[in-house]
Each structure stands twice: as C-alpha cells, then as structure tokens.
Colleague: 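Right, I'll just put the structure down here and ask away after.
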Amino acid sequence: MDRHAQVIDVDGLQLLIEVLASRGYTVMGPTVRDGAVVVAPVAGVADLPRGLRDEQDAAHYRLVPRDDDAFFGHAAAVQGAKPVLFPADQLLWRARRSEDGFRLDASDDDDAAPVALLGARSCDLAAVDIHDEVLLRRRFSDAHYAQRRAGTFVVAVTCGDPAGTCFCASTGTGPRPGAGFDLLLTELLEPVHRFLVEVGSVRGAEVLAEVPAAPAGPGDLAAADDVVVRATGRMGRVLETEGLRDVLYAAAESPHWDDVASRCLACTSCTLVCPTCFCTSVEDVADLTGDVAERHRVWDSCFSKDFAYIHGGSLRGETRSRYRQWITHKLAAWQDQFGMLGCVGCGRCITWCPAAIDITAEAAALRAATPLVTTGEGARR
Amino acid sequence: MTSVLEGRPSAPPDPMRPVPYRVERLRQETRDTWTLELEPVGGAPLRYRAGQFTMLDAFGVGEVPISISGDPTRPGPLEHTIRDVGAVTHALVSAREGEVLGVRGPFGTTWDVTDGQGGDVVLVAGGIGLAPLRPALLELLAHRDRYGRVVLLYGARTPEDILFGEELRTWARDLGVAVDVTVDNGQHAWRGKVGLVTQLVPRAGFDARHTLALVCGPEVMMRYVAQALVDRGVPADRVRLSMERSMKCGIGLCGHCQLRELFVCVDGPVLSYDRLAPLLTCREL
Ligand SMILES: Cc1cc2nc3c(=O)[nH]c(=O)nc-3n(C[C@H](O)[C@H](O)[C@H](O)COP(=O)(O)OP(=O)(O)OC[C@H]3O[C@@H](n4cnc5c(N)ncnc54)[C@H](O)[C@@H]3O)c2cc1C
Ligand code: SF4
Ligand code: SF4
Ligand code: FES
C-alpha cells in the first residue's frame, strides 16, 4: 500500500488537537477518570493518559505505570465511540397538548458541536462500521445517528499494547485500523517519541496540512509495521470463529445455558459496554401539567426482564434464555442479519462482567459440548 | 478557516416521528374490544396492504403495534381493532371522537393472499387474531371468483367475545365463506361448538395440497394449528403465521422483536411456517 505517511512529534499531536478544536470539533479522546481510561473531552496532550497501561482480565481492570511515555499505551477505553455517536438517551420528539390531541414540535437539527474522536482503536472503528450497517444501511435508518455520524472526524490509533481481554486478531478487526479514519496515528517511542500519520480522507489531509510534519522514512514505516506484528502476537485471548454460527444455532437446547445462568447476574453490564449492541427502548415523559410530552430513545439490553415483555409476560423469563439470546445474536444471528460478526473482539464484556463470564470461554465451551449435525434447518435462506 | 458547523447535512425524515390522525369514530365490538376509525390530519390517506401494522401512539402514554383491520381494497378511514389489555391499549380505546392520535407505518410483511389464487384459502383465527385477518378476507372477497373454497375457522373465549359477529354471518350467508366458530367456554345460550380452534382443522372442507393457510392468534394456538394444517397435507411454506413480539420501533432498529435471526417487525409479522417451525419449538428463543 502506498501510504504517503508523514511523521509528527508530540508538539505536532498537541497542534493537531488544537487545529481540530479551532475547526469547531469537540475533541473526545482517552483520559483518566476514577482509575480508568474513558473517552471524554480533551484540550491537549496533557489530558491524555501518558505512561499508563491497562491491566485487563475477566472482572479485572487496573491502570499500571509503563516504563515509557506512551500516550496510547493502553488498550480499549471503558467505552468506545458508542456513547458519542449513539447516546444512551436521545430525545426523539417533543409534543404539546392542543384542544384535539397534541402537536409535535418541529424537529430541530441537532446543533451540538460535531465530534473529533481521538485515539479510536481498530475495534472501535469496526464497531462503528457495524453500527453504520445496522442503523444506516437498511430500509429504515436512525436519523439522529446519521446526523452525528456524518459530522464526526476520526483520528485513529494503531493498538500497540493489547490487553489481556483483547481478541480482535481473531475477529479480523484489528489491531491495525484498515479504514474508517480521517487520520491514523501509530505511536513510535524509539529513538524519539513521534507518530506516524496516515491519511484516510480529504478532510484528514486538510487537517494534517496545518500541522508541521515530515515525510516518513523507511525506518518509520518499518517501526510502525513492527508495532502491529508485536500487538498481534500479544492478544490476550482467542475466539475460534470458524463455523461459530452453526455451533450456536445447534447449541440452542444445550445444558450449558444452565451452567452460564448459574453465574450470570443478568446485570446488563456487558451490553452497556459493548460497542456493537444497539438495542433501545422508548420512554415517554410528560411534564407535571401533562401538556408537554417527550419521547426518548434509551439504551436497553436483552438481559433486562422487560426486554421481551408482551402482554401476559416476558418471552425470555429465564437468565439462560437471555444469555443465549446475547451470545447467539453476537456470534451467530448477526451473521444472518448483517453478513458480519456482531463482536469486534474488544474484550469489554469480559473485563466489565462482575461475574467474570468470558465470551471466548463460553463460545469454546459451547463448541466443545455441541456435536455439529449439519441439517438444512440452520442453513441460510 | 472553514467551520465544520457549516454545510452539515440537515436531518433526514425521521421514521420515529408519529403522524397525527384524528379519531373519526369508535365502534365497540365486544366488552373489551373497539375499532378505531382514523383520518389523517391534513395528509394523504395511508396506503397499506393486508397483514401490515402501525405503531399507534396515545399522547403521553405510549406507543404499541396494532394491525390494520380495515379493507385494503377500498378507500376509507384507517381502521384498527384493539383489545384493551393494558396502559396503552386502554388509552387508545378510551380516545374521544375528534381526538388526535399518532400513527407510524404501515410496517411489516403482508399476507399476500393473491398467492392463494386458483386454490383454496383457509384462515384460522384465535381471539383478537381475527382483526389482522379481516383485511385478508376482505381482499379475497373483492375477487371471490379467483379463489376456490374460502374457509374461516375462528375460536373465541366465550360467545360474548366473538368479534365482527354481523360480518361473520354475512360472509357465511352471502359471500361464499365457510365460517366455523368455536368457543372455549360456552354458556347455556350457546348452541355452537365448544373447544379449541385446532380441532376444527381436520374436518374443515378444503383441498390441503392446494391451500394457502393464514393463521393469527396466540402463539401456542398458532403452533398447534400450523402443525394440524401440515399434518393434513398443507405444504409448510403455504402456512403463514402473524407473529407477536415486543416492538418498540417497528422498523428493525430497537432489537426488541428479535427471534433468532429475524426482526419480526420487518421480516414479519407474517412469516411462513417452514421458516418459523424450528424457531417456535425452542422454548424462550
Ligand atoms: C404486529 C403486532 C400486531 C398487533 N395487532 C394487534 C391488534 O390488531 N389488536 C390488538 O388489540 N392488539 C394487537 N397487538 C398486541 C398489542 O400490541 C398489545 O396488546 C399491546 O402492546 C399491549 O400494550 P398495553 O400498553 O396496552 O399493555 P401492557 O401489557 O401494559 O404492555 C405495554 C408495554 O409496556 C411494557 N410493560 C407493561 N407492563 C409490563 C411489565 N409488567 N413488565 C415489563 N414490561 C411491561 C411492555 O414493554 C409492553 O410492551 C399486536 C401486536 C403486534 C406485535
Ligand atoms: S461482545 Fe464483548 S468482546 Fe465482543 S464487541 Fe461486544 S464487548 Fe467487545
Ligand atoms: S439483542 Fe442483546 S446482544 Fe443483541 S444487540 Fe441487543 S442487547 Fe446486544
Ligand atoms: S420492533 Fe424494533 S426492531 Fe423490531
């Protein structure tokens, strides 16, 4: 690939953030809050998590010092781009009571400043691409997502130090972002702290033109490639994806669901941190007089009891059924619905599960316990 | 310097915004079921096909999926037949004439009754399930000569719960529909059949191999009826069921209605039994 790459230094990164801000973007990047890397507004490099690594394992997260000065020496932040592009609470409309019923207020364009995502990882971009497929490229699309998405500028970062819960190499979604960015940074520490910058779009090139940069040399390119090779070799976990859809469909009546259900708290954490989960509900709120009503779209989870409620009761009353829905949707039904896996291997659901339930381990256990009979039943239509 | 705020795309039309419709008339069908006749406020009448549903909104209370129960072959008010079972359906059937409700839709797949032309058509309804089947029957009757035997098997809870009683008589007497009704609990005055609608399937007069079957009712009822139809020889891909699931959007985005790989709101609600059978036999899928 002809990469036309350039190199910027730490001052260049600072300037890049300033250029984005001056163009009207709210720059959202990794920053440390309450002992974890979260995505929040950043004003400069001082806000980035310098010299920190995240130790992640099932039900475990801890920031530990690195022996270098890396800004992006951590893996996936607590949440990715989902809260930015697809907020947990979205006003759908507001209406006022009139003599004969109600009148909807004119839909106002979302006038919040567009966002520049700084430090988005390959798994984050893969998840955004999945949301594009789910929310934009079908018969009906999500108008609010469409608007936010179109305005978003993406500065991606190649993952150099995956966490123990990462498995994007298995899902084919990392560690090096292939597309979906305006600019791509690869952080290089030796002999001097610098960033290889690759351009992914015209507006990316326009922004980079405002930052002093030098053409990348063969040594820079080789060092960047080496980052990818080392990261791939350091993935903490593996997910065997071959034939996974058929395994999960065949496992529908597996006794293993009872085993998972005995551990699962149905707390919904996994679906909240998962960057691809898109399920929502609606909530109606009326003011005290009852004259103004609003409908909000709010995140929901297939682990909540009301999720499959129809008059008369929940269609998935038991935790075993809800865990089955979750993992079967992610790893199997998603392939039929959207032609792709619903998991990008970010490992968040493993880290943030209070019961340490591990999607890779459960998938492996189901595979081991499920004899695959190939019948016409599971075949694609 | 150019600001990114300039030249941003304006919001595309949002399918989550309800369109105002006025309640023209309310007809009480049974003790707990009403039919609402709606007219758009200002806009054009809704074009829909038999089997589709809308998301009906009662201001400040909420929004639920309700099938269209009117005649798709004739212009007229938009009709929905609603059983009062909870907060939103209660608010809908309690609307006063002249009041404005919100409508989104029409959504979902259709009965496609024309696939039954040249053969027999069997409609099997349980309870409120007759309402979503009414447009299919009216469409059949608009071209009655193109079909062989038309059979309607209908099960209600009690004689008082029988929907569209007048029409059932007209369909049977004047329009060439073989109507067979059964109730779960018959009182003394009831001289008709008592028992499950499933039991009507084996003896009904239709040529199973050349039949299109349309089924709507509670899921257990549909499962047994579909199996009884298949046992009689109706091909599974000629048996269509209208599925009920939790629906918060109706347009494939909220995820609530999923049945394994299906989004029941857009892939359904009308689905053929050959696709559904393996999914319905697994509990809580
Ligand atoms: C495609 C389709 C077509 C339909 N067509 C018709 C029709 O033609 N006529 C008809 O009468 N009905 C029809 N229904 C059924 C109708 O949508 C339901 O009866 C209606 O949604 C009930 O809403 P409710 O608020 O009145 O009742 P509720 O039982 O109060 O439920 C309303 C909603 O509130 C929530 N909820 C309420 N109580 C609870 C609880 N205890 N726990 C968790 N959540 C709760 C649920 O999310 C539920 O969806 C159809 C359904 C579908 C899917
Ligand atoms: S299922 Fe888990 S590992 Fe996969 S994308 Fe979601 S949070 Fe990440
Ligand atoms: S059904 Fe469950 S696993 Fe699938 S997207 Fe919705 S919340 Fe996530
Ligand atoms: S009702 Fe929302 S996805 Fe089907």
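In what follows, chains carry the letters A, B, and so on, assigned in the order in which the sequence lines appear, proteins first and then strands, with residues in each chain numbered from 1. Predicted model, so just to flag it, every value in this text is computed and none were measured.
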Colleague: Look at B/Lys248, B/Arg283, B/Gln258 and state which one has the largest set of heavy-atom pairs under 4.5 Å with chain A.
Modeller: B/Gln258
Colleague: With a 4.5 Å cut-off on heavy-atom pairs, point out which of A/Asp300, A/Leu135, A/Val292, A/Val134 contacts chain B the most.
Modeller: A/Asp300
Colleague: Once rounded to the nearest 0.5 Å, what's the spacing between atom CD of A/Gln337 and atom CG of B/Leu262?
Modeller: 8.0 Å
Colleague: More than 12 heavy atoms of other residues, nucleotides or ligands under 6.0 Å from OH of A/Tyr309: yes or no?
Modeller: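 More than 12 heavy atoms, drawn from other residues, nucleotides or ligands, come within 6.0 Å of this atom.
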Colleague: Check each atom of B/Tyr21 against the heavy atoms of chain A and say whether the ones under 4.5 Å are side chain, backbone, both or neither.
Modeller: neither
Colleague: If you compare all heavy atoms of A/Ala333 against all heavy atoms of B/Arg260, which two are closest, and at what distance to 0.1 Å?
Modeller: CB-O, 3.6 Å
Colleague: Looking at CD of B/Glu284 and OG1 of A/Thr319, how far apart are the two atoms once the value is rounded to the nearest 0.5 Å?
Modeller: 9.5 Å
Colleague: Could you tell me which non-hydrogen atom of B/Thr281 sits nearest to which non-hydrogen atom of A/Glu253, and how far apart they are?
Modeller: O-OE2, 4.1 Å
Colleague: With rounding to the nearest 0.5 Å, note down the distance linking CD1 in A/Ile310 to CD in B/Glu244.
Modeller: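 Going from CD1 on A/Ile310 over to CD on B/Glu244, the span is 4.0 Å.
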Colleague: For B/Gly255 and A/Phe307, work out which heavy atoms get closest and say how close.
Modeller: O-CZ, 3.5 Å
Colleague: Counting only heavy atoms closer than 4.5 Å, note whether A/Ala308 contacts chain B via side chain, backbone, both or neither.
Modeller: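 Only the backbone of A/Ala308 comes within 4.5 Å of chain B.
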Colleague: Please output the residues of residues 30-54 of chain B in contact with chain A, using a heavy-atom cutoff of under 4.5 Å, in numerical order.
Modeller: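 Answer by number: none.
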Colleague: State, with a plain yes or no, whether a side-chain heavy atom of B/Ile251 is found less than 4.5 Å away from one of A/Arg138.
Modeller: no
Colleague: Report the option among A/Val282, A/Leu315, A/Val285 that has the most heavy-atom pairs separated by less than 4.5 Å from atoms of chain B.
Modeller: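 Option with the top pair count is A/Leu315.
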Colleague: With a strict 4.5 Å heavy-atom criterion, list every residue of residues 95-105 of chain B that contacts chain A, or say none.
Modeller: B/Gly98, B/Glu99, B/Val100, B/Leu101, B/Gly102
Colleague: Give me the atom names and distance for the closest heavy-atom approach of B/Pro15 to A/Phe140.
Modeller: CB-CD2, 4.0 Å
Colleague: Answer with side chain, backbone, both or neither: which region of A/Phe153 has an atom nearer than 4.5 Å to a non-hydrogen atom of chain B?
Modeller: neither
Colleague: More than 12 foreign heavy atoms under 6.0 Å from CD of B/Glu24: is that the case here?
Modeller: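 Yes.
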Colleague: Below 4.5 Å from any heavy atom of chain B, which atoms of A/Glu318 appear? Answer side chain, backbone, both or neither.
Modeller: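 Both parts, backbone and side chain.
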Colleague: Looking at B/Phe59, I'd like to know if the NZ or CZ of A/Arg97 sits under 6.0 Å from its six-membered ring centre while staying within 45 degrees of the ring's axis.
Modeller: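 Ring-cation test returns no.
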Colleague: Can you name the closest pair of heavy atoms from A/Asp105 and B/Arg17 and give their distance?
Modeller: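 Heavy-atom minimum between the residues: O-NH2, 2.8 Å.
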Colleague: Need one label for A/Asp287: side chain, backbone, both or neither, based on atoms under 4.5 Å from any heavy atom in chain B.
Modeller: neither
Colleague: Measure the shortest side-chain to side-chain distance between B/Asp57 and A/Arg295 over non-hydrogen atoms and say whether it is less than 4.5 angstrom.
Modeller: yes
Colleague: Select one option (side chain, backbone, both, neither) describing which atoms of B/Glu219 are under 4.5 Å from chain A's heavy atoms.
Modeller: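 For B/Glu219, there is no contact with chain A at all, as no heavy atom is under 4.5 Å.
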Colleague: Quick one: does A/Arg297's side chain get under 4.5 Å of B/Met16's, heavy atoms only?
Modeller: no
Colleague: Check each atom of A/Arg316 against the heavy atoms of chain B and say whether the ones under 4.5 Å are side chain, backbone, both or neither.
Modeller: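 Answer is both: backbone and side chain atoms of A/Arg316 are under 4.5 Å from chain B.
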Colleague: Quick one: closest heavy-atom pair of B/Leu253 and A/Thr280, and the distance?
Modeller: O-OG1, 4.5 Å
Colleague: Kindly indicate whether the side chain of B/Pro18, heavy atoms from C-beta on, has any atom under 4.5 Å from the side chain of A/Leu104.
Modeller: yes
